[in-house]
Amino acid sequence: MYIWDLPVRLRPVSPEKRQIWIQDTRSGCRMNGAICTMNDMDHTCFDTAKIDKIQELRERGVTVYPYTFDRRDTVLEIKERFSTIEHEKSEEEVSTAGRIYIIRQHGKTIFADMGDATGRLQIYLRKNDLGEEQFDLFRQYVDAGDIVGVVGHVFRTKMGEITVWVDRFELLTKSVCPLPEKFHGLKNVETRYRQRYLDLIMNEESRETFRTRSRILALLRQFLFDRDYLEFETPTLQPVYGGANARPFTTHHNALDQKLYLRIAPELYLKRLVVGGFEKVFELAKNFRNEDIDTNHNPEFSMVEIYEAYRDYNDMMDLTEEIFAFLAERVLGTTTCSFAGHDIDFSRPWRRLTMEEAVQEYAGIDIRTMSLEELRDFGLEHSVEGCESAATQGEFLALFFEHFGEKELIQPTFIYDFPIENSPLAKKHRSKEGLTERFELFMAGMEMANGFSELNDPLDQKARLELQDAKRRKGDLEAQMIDYDFINALGYGMPPTGGVGIGIDRLVMLLTGNDSIKEVLLFPQMKTLARGEPEQDSGEE
RNA sequence: GGGCCUGUAGCUUAGUCGGCAGAGCGACGGACUCUUAAUCCGUAGGCCAAGGGUUCAAAUCCCUUCAGGCCCGCCA
């Protein structure tokens, strides 16, 4: 590989140290920690001083990357087991391992802070105990960032800290990239997202957020399994996308020579399962929507969709409430949480308003008593987007709710009975003309869930999807395609069914107090910095 | 798509009504046997995100670009 082929600028710093900087010439952004050797011209953050140490260690016969270590105790176990230990060393021997965070050398002794998945622990090494060779090995070659295993006895220092008095240690992994500073740590938001592993190494709060996320998913599954719901996995690559109004990502299957879409929702497949006789089903699915990225949106996001036969939207509102209350209670230990300056109260029952009532309350008008002209005038007067082209009472209802109501809904609130125009998969209302049995859940001004009495009349469904398809052909980029196989499935008969979808990422935001979706996604979508390698065939059309 | 803000050493940052780019931590070398952001002495490390312009002189002022953050729009 030639230097001039790289999309970077290489700047020699010190011929002696063979160091160069790597800088992305397109963006001007310097790769984080971009020091590397002349022999290693790629986008690494390898530090030559550390690489030299590896070489020297090998010359001394040390295995720098051994295969295993007999770790018998975690940090937490040691701290709990020896919580009452005094200054005297324990009889019992412990064996533990982790990453070195800080080293404090004092001539012939060394203190270091070591961390594993359960916490941090101080270790103490003395030249007298280890012998000159071993002690010097640690002193000269072990750096912050390295992973070591230690065997020793536990004691409490004069300053009162539980500490492992090390009898012997083993280097388990040599780190060649520099760790961020020990006190301030890693704060740069962009680096935290782009190099999440580094964020996790350095920031306990971030680790805690993702532990909680994992726990929320486990609890959600437990809740549903306990109630005899079955979890399934339906196609992510779909020849026809559907189940929501959104622009899809497209891709191409080479062998089939066929266009495929990344799913925007699992809905239509899960309903096929209900047709097939599975009466209580759910899927924890990644959905992909080709939309903009902001504090509440990532192009791929997680959703749980739940369907249950012989239930309607009232039952699904109850279920949604139960799920949130259960998770809040188990995760937070209370039924309230603090989010973006609001105290959200999950205690049941939650407020339920029809969309008409919400518009009545927040816009101060009664839709049903107004003519289309009056509605349009009112909308234009308040500069409500989309009023020019709205042609039905239902469209105005939806527009007014979005404009006046949505952001006001801080405490958990169900809005129900949506207009039929923008609810092509929801069943017509049993008593109200022009409406469907559909609800959405709002909290902190965010849409958290969406559910309905599922449309199971195959003729009605066919007509409504045909209407969507006509809109799509007229240029509505988010209108749905017609999935005839799905319509045929309904044709065989789907029992009356209730369904709901809950946005997992926003739920995690709420329960962990993070007001950006990027803080609860391990690897949020970021724009690529530099072209490192020639682009492969992406499969894009 | 629109507005506001940010980018200085590996990390955290000072300097921004123009006048030689500073610090702490980290790294490297040395001293130190209960420290914990250890301490003390010394060394190296920056064309101030990139490109262009104004000026005797630009990290600083202007323009363009790149990346990120926040708000709005879009996402029912």
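A note on names: the letters A, B, ... follow the listed sequences, proteins ahead of strands, and every chain is numbered from 1. Just the heavy atoms: all of them, side chains too, but no hydrogens, waters or symmetry mates, feed the values below.
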Euclidean distance for [atom1], [N] against [M] (whole angstrom):
| N | M | atom1 | answer |
| --- | --- | --- | --- |
| B:A58 | B:C4 | P | 28 Å |
| B:G7 | B:G15 | P | 11 Å |
| B:G26 | B:U13 | C1' | 14 Å |
| B:C25 | B:A38 | C1' | 13 Å |
| B:G53 | B:C20 | C1' | 24 Å |
| B:U6 | B:A76 | P | 34 Å |
| B:G22 | B:G29 | P | 26 Å |
| B:G19 | B:A27 | P | 34 Å |

[X] side chain, from C-beta outward: closest of [options]:
| X | options | value |
| --- | --- | --- |
| A:Arg194 | B:G68, B:C34, B:A76 | B:G68 |
| A:Val189 | B:A76, B:C11, B:G69 | B:G69 |
| A:Lys527 | B:C28, B:C34, B:A67 | B:A67 |
| A:Thr157 | B:U33, B:U35, B:U12 | B:U35 |
| A:Leu186 | B:G69, B:U33, B:U12 | B:U12 |
| A:Thr163 | B:G69, B:U35, B:U33 | B:U35 |
| A:Asn188 | B:U12, B:A67, B:U35 | B:U12 |

Whole angstrom value for the distance that separates [atom2] of [N] from [atom1] of [X]:
| X | N | atom1 | atom2 | result |
| --- | --- | --- | --- | --- |
| A:Glu190 | B:G69 | CD | C1' | 9 Å |
| A:Met114 | B:U36 | CE | C1' | 15 Å |
| A:Leu121 | B:U36 | CG | P | 17 Å |
| A:Ile51 | B:A27 | CD1 | C1' | 14 Å |
| A:Ile517 | B:G68 | CD1 | C1' | 17 Å |
| A:Ile201 | B:G10 | CD1 | P | 18 Å |
| A:Gln468 | B:A76 | CD | P | 11 Å |
| A:Glu56 | B:C28 | CD | C1' | 12 Å |

NA contact type, [X], heavy-atom cut-off 4.0 Å: base, sugar-phosphate, or nothing?
| X | value |
| --- | --- |
| A:Glu402 | sugar-phosphate |
| A:Lys158 | base |
| A:Tyr124 | base |
| A:Phe155 | base |
| A:Met202 | nothing |

Hey, is [X] close enough to [Y] for a salt bridge, meaning N to O under 4.0 Å?
| X | Y | result |
| --- | --- | --- |
| A:Arg506 | A:Glu447 | no |
| A:Asp460 | A:Lys427 | no |
| A:Lys271 | A:Glu454 | yes |
| A:Arg99 | A:Asp116 | no |
| A:Lys53 | A:Glu56 | no |

Quiz prompt | A:Asp113 side chain near A:Arg104 side chain, heavy-atom distance below 4.5 Å | solution = yes
Look for any protein N or O under 3.5 Å of an N or O in nucleotides 71-74 of chain B and output each such pair with its distance, or none.
from, atom 1, to, atom 2, distance (Å)
B:C71, OP2, A:Thr295, OG1, 2.8
B:G73, N1, A:Asp292, OD2, 3.4

[Y] ring center within less than 6.0 Å of [X] ring center:
| X | Y | answer |
| --- | --- | --- |
| A:Phe378 | A:Phe400 | yes |
| A:Phe169 | A:Phe138 | yes |
| A:Phe155 | A:Tyr124 | yes |
| A:Phe401 | A:Phe442 | yes |

What is the pairing partner of [N], taking Watson-Crick or G-U wobble pairs with both distances under 3.5 Å in any strand?
| N | answer |
| --- | --- |
| B:U6 | B:A67 |
| B:C61 | B:G53 |
| B:U13 | B:G22 |
| B:U39 | B:A31 |

Quiz item: Is the charged tip of A:Arg120 near the ring of A:Tyr101: under 6.0 Å from the six-membered ring centre and within 45° of its axis?
Solution: yes
Quiz item: Pick the nucleotide of RNA chain B nearest each of A:Gly107 and A:Asp143; which residue has the one closer to the 5' end?
Solution: A:Asp143
Quiz item: Of A:His87 and A:Arg506, whose closest RNA chain B nucleotide lies nearer the 5' terminus?
Solution: A:His87
Exercise. Determine: side-chain N/O of A:Lys50 to OP1/OP2 of B:G10, distance under 4.0 Å, yes or no.
Key: no
Practice problem: Respond yes when some side-chain nitrogen or oxygen of A:Arg104 is under 4.0 Å from OP1 or OP2 of B:U35, and no when none is. | Solution: no
Pair up each side-chain donor or acceptor in residues 415-425 of chain A with any protein partner under 3.5 Å, not counting sequence neighbours, and list the distances.
from, atom 1, to, atom 2, distance (Å)
A:Asp417, OD1, A:Tyr313, OH, 2.7
A:Asp417, OD1, A:His429, NE2, 3.3
A:Asp417, OD2, A:His429, NE2, 3.2
A:Asp417, OD2, A:Lys432, NZ, 2.7
A:Glu421, OE2, A:Thr392, OG1, 2.6
A:Ser423, OG, A:Pro419, O, 3.2
A:Ser423, OG, A:Arg438, NH1, 2.9

Quick one: the side chain of [X] and the base of [N], do they pair up donor-acceptor inside 3.5 Å?
| X | N | result |
| --- | --- | --- |
| A:Gln122 | B:U35 | yes |
| A:Arg438 | B:A76 | yes |
| A:Asn128 | B:U33 | yes |

Quiz prompt | Residue pair A:Val151, A:Val166: steps toward the side-chain contact (heavy atoms from CB on, under 4.5 Å) verdict | solution = CA-CA 6 Å; A:Val151 176; A:Val166 176; over 6 Å; no
Practice problem: Take nucleotides 21-26 of chain B nucleotide by nucleotide from the 5' end and write B, S or -, depending on whether a protein heavy atom sits under 4.0 Å from the base, only from the sugar-phosphate, or from neither. | Solution: ---BBS
